[in-house]
**Q** 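Quick one: structure below, then a few questions.
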Amino acid sequence: MVKLAEMITDKIRHKDIDDTKLQRLVEAALFIADKPLSVQLLKRDFLIEYRVSNLRIRDIIIDIQAQYKGRGVELNKVASGYRFQTPAELSDDLAHLYKEKAPKYSRAILETLALIAYKQPITRGEIEDIRGVAVSSQIIKTLTDRSWIKTIGHKEVPGRPVLYASTPEFLDYFSLTTLDQLPALMPIEDFTS
Amino acid sequence: MVKLAEMITDKIRHKDIDDTKLQRLVEAALFIADKPLSVQLLKRDFLIEYRVSNLRIRDIIIDIQAQYKGRGVELNKVASGYRFQTPAELSDDLAHLYKEKAPKYSRAILETLALIAYKQPITRGEIEDIRGVAVSSQIIKTLTDRSWIKTIGHKEVPGRPVLYASTPEFLDYFSLTTLDQLPALMPIEDFTS
Amino acid sequence: MPDSKAKLSKSTVPDKELVSGVMLQQVLPFALLRGEAIVEKPQDLFIPPDALEVILEMFEGPLDLLLYLIRKQKFDILDLPISPITTQYMTYVDLMKDIKLELAAEYLVMASILAEIKSRLLLPKQAVEEDEGDPRAELVRKLQEYEIIKKAAENIDELPRLDRDSFVAKVELAENFVPEILNSQVDLAELVSALQGVIKRTQAYEHHHIQKESLSTRERMAHILTTLKDAGIEQPYCDFSDLFTVKEGKQGVVVTFLAILELIKESLIECVQTQIYGEIRVCLPRQA
């Protein structure tokens with residue numbers, strides 16, 4: 001069987017190919033294949049008609065790699081072969097194209113934000129006192145990353161805890177000019193009763 | 001609403017970008033997009049952070065087109081934008097691998113498509129009249145599913161039949177920019193031999 | 001059965017078998033079957049039903065069949081010989097019926113149109129009304145219109161197309177690529193309801209003073225602290241008078257003053273006066 005396959009391949013693999021054409025074909029193949037291509041795969045699937053050595057294909061790939069240095073795509077070697085990829089440096093700029101929705105904020109995050117907005121300046125301990133549960137660092141980080149809260153100093157009590165306040169970005173997001181415009185809480189009698 | 005979107009865009013679109021970086025980004029964007037990209041789309045989806053004019057993007061595209069001349073892929077303009085695709089000269093070498101996978105279209109589909117492309121806007125009844133046979137719903141469905149045709153209204157005659165027209169995706173598929181580029185209709189021939 | 005591999009092979013029909021006259025096409029080869037011409041006289045020649053079916057199914061409809069008959073025999077479409085065309089057309093339609101090909105109504109409609117034209121042509125010339133043109137005209141127009149589209153469809157089929165003649169380049173994203181995360185949206189009402197939830201949960205009602213009026217003081221407190229923090233290490237203080245904005249009027253002054261008092265009470269700021277009647281300076285408390 002192997003013998004026969006070899007014979008057939010030898011028979012098919014008869015055309016000569018110059019470097020320019022070889023490079024065009026290898027490049028095209030790498031761009032249209034839906035998986036990385038090894039030298040063997042390139043030879044079997046795209047260069048079947050041509051008499052060309054593995055070494056020559058490898059040399060051509062090295063040439064192509066050099067030619068794409070610093071461009072918008074680069075030719076990388078991965079486990080199963082070669083493939084064109086966008087350079088790592090461009091990932092941040094390309095990130096805009098693929099957007100993922102962050103999960104909705106938890107009740108803990110919203111309560112913490114509300115307390116900071118209405119009771120600022122406030123320490124983490126005070127928030128925990130009111131909420132009756134610990135405020136995780138993740139919650140503070142989420143709100144800080146979002147630029148909705150900031151630290152504005154330390155409270156001069158033992159431990160000098162950090163004081164949190166809301167930011168102008170917080171007001172912007174909710175289309176407010178001042179904190180006065182935050183909705184009034186339910187009338188006092190509603191929760192004194 | 002538009003006002004707000006513009007304001008947001010103005011706020012985001014603030015960074016300067018040099019030609020080298022711009023070219024890398026445009027090139028990368030064109031390679032990773034799953035559809036042809038127009039200058040507008042490039043600007044909106046990939047260059048949102050940068051202050052860059054349509055003219056500059058167009059110049060960069062022309063540069064890239066020149067740089068890919070004679071390579072394994074080339075940057076072509078089709079109806080809905082620009083895309084990298086393999087050049088016609090390589091199709092014989094590449095096509096054999098994909099020949100079985102390439103979809104074939106029946107004469108009924110092609111004739112219906114031709115009528116819609118050349119005589120749009122056109123109703124199903126008018127198509128049937130010219131072809132002399134009924135147009136099956138399957139044909140309309142195939143063409144609609146491929147996004148090659150769309151309905152663009154109703155003809156104001158009894159029954160208000162739907163009017164069909166071709167889409168940019170139809171032109172894209174055949175690597176055309178405008179309907180003008182479709183082969184000219186054959187002039188009425190004298191059949192006397 | 002190899003017979004079923006019959007191919008319609010218009011171009012290879014030998015010329016000598018084509019009779020170029022108008023009315024005498026008795027032997028019309030329209031296909032080659034294993035190298036032999038198939039002629040349209042089924043009663044004289046055995047045509048394997050499979051092959052015939054393949055051939056007949058190739059017609060897109062009556063107009064296509066008519067065009068085929070006209071083209072094969074090099075009839076002048078503008079001077080259509082209705083009589084032989086009708087005869088041949090009917091032969092095909094009969095054939096289709098014989099092999100139980102699902103015969104569309106359109107074929108029968110065309111047959112009746114042909115018969116009608118034929119009968120009108122047979123009428124003596126004088127009987128034809130003055131303003132009535134050639135009865136073939138409408139059919140000829142339709143045939144020409146259809147042929148244009150038939151050719152256009154063939155042209156479209158030959159256009160270079162994706163996934164057959166040209167392939168779109170596709171590139172993977174870098175391994176370090178992370179899609180942009182869209183921030184979750186929060187409604188102001190959600191914020192209020194979150195806080196009211198907290199208040200409801202709280203056993204003691206010591207926070208009843210949370211109300212709209214106090215907010216401006218609270219906000220001013222945060223503002224003063226920010227100002228002091230931003231004043232930096234070089235000059236970690238602020239003149240007392242600088243904290244007031246005359247533009248805000250009496251109410252603003254009161255709010256600022258209350259804020260300063262509250263900050264002092266909570267030991268968040270200190271006030272210092274370096275000389276009698278000198279400027280009062282406000283600063284952050286010295287670190288312990």
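Residue numbers begin at 1 in each chain, while the letters A, B, ... track the order of the sequences.
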**Q** Answer yes or no: is there an ion pair linking C/Glu147 with C/Lys151, defined by an N-O contact shorter than 4.0 Å?
**A** no
**Q** Which bit of A/Ser175 comes within less than 4.5 Å of chain C, counting heavy atoms only: side chain, backbone, both or neither?
**A** neither
**Q** Please state whether the side chain, the backbone, both or neither of A/Leu90 comes within less than 4.5 Å of a heavy atom of chain C.
**A** neither
**Q** Given a strict heavy-atom distance threshold of 4.5 Å, which part of A/Val78 is in contact with chain C: side chain, backbone, both, or neither?
**A** side chain
**Q** Cation-pi between A/Arg146 and A/Tyr173: NZ/CZ under 6.0 Å from ring centre and within 45° of the ring axis?
**A** yes
**Q** Taking the six-membered ring for Trp, are A/Trp148 and A/Phe170 parallel (under 30°), tilted (30 to 60°) or perpendicular (over 60°)?
**A** perpendicular
**Q** We want to know whether A/Arg44 and A/Ser38 form a side-chain donor-acceptor pair, criterion being a heavy-atom distance below 3.5 angstrom.
**A** no
**Q** Please classify the contact between A/Pro121 and chain C as side chain, backbone, both or neither, with a heavy-atom cut-off of under 4.5 Å.
**A** both
**Q** Charged N to carboxylate O under 4.0 angstrom, A/Lys141 versus A/Asp145?
**A** yes
**Q** With respect to chain C, which residue among A/Ile109, A/Thr112, A/Thr151, A/Ile32 yields the maximal number of heavy-atom pairs within a distance under 4.5 Å?
**A** A/Ile32
**Q** Please classify the contact of A/Thr178 with chain C as side chain, backbone, both or neither, using a heavy-atom distance under 4.5 Å.
**A** both
**Q** Closer than 4.0 angstrom, basic N to acidic O: yes or no for A/Lys155 and C/Glu266?
**A** yes
**Q** Side chain, backbone, both or neither: which part of A/Ala165 has a heavy atom under 4.5 Å from chain C?
**A** side chain
**Q** Are side-chain N/O atoms of A/Gln85 and C/Glu175 paired as donor and acceptor at under 3.5 Å?
**A** yes
**Q** Select, from C/Thr226, C/Val178, C/Asp230, C/Leu263, the one with the greatest count of heavy-atom pairs under 4.5 Å involving chain A.
**A** C/Thr226
**Q** About how many Å separate CD of C/Glu270 and SG of C/Cys283, when rounded to the nearest 0.5 Å?
**A** 5.5 Å
**Q** What part of A/Ile122 lies closer than 4.5 angstrom to a heavy atom of chain C: side chain, backbone, both or neither?
**A** neither
**Q** Less than 4.5 Å to any heavy atom of chain C: does that hold for the side chain of A/Ala33, its backbone, both, or neither?
**A** backbone
**Q** Please state whether the side chain, the backbone, both or neither of A/Asp34 comes within less than 4.5 Å of a heavy atom of chain C.
**A** both
**Q** Against chain A, label C/Leu173 side chain, backbone, both or neither, depending on which of its atoms sit under 4.5 Å from a heavy atom there.
**A** both
**Q** Shorter than 4.5 Å, heavy atoms on both sides: which option in A/Phe84, A/Phe174, A/Tyr164 has the most such pairs with chain C?
**A** A/Phe174
**Q** Nearest heavy-atom pair of C/Cys238 and C/Leu243: which atoms, and what distance?
**A** SG-CD2, 3.9 Å
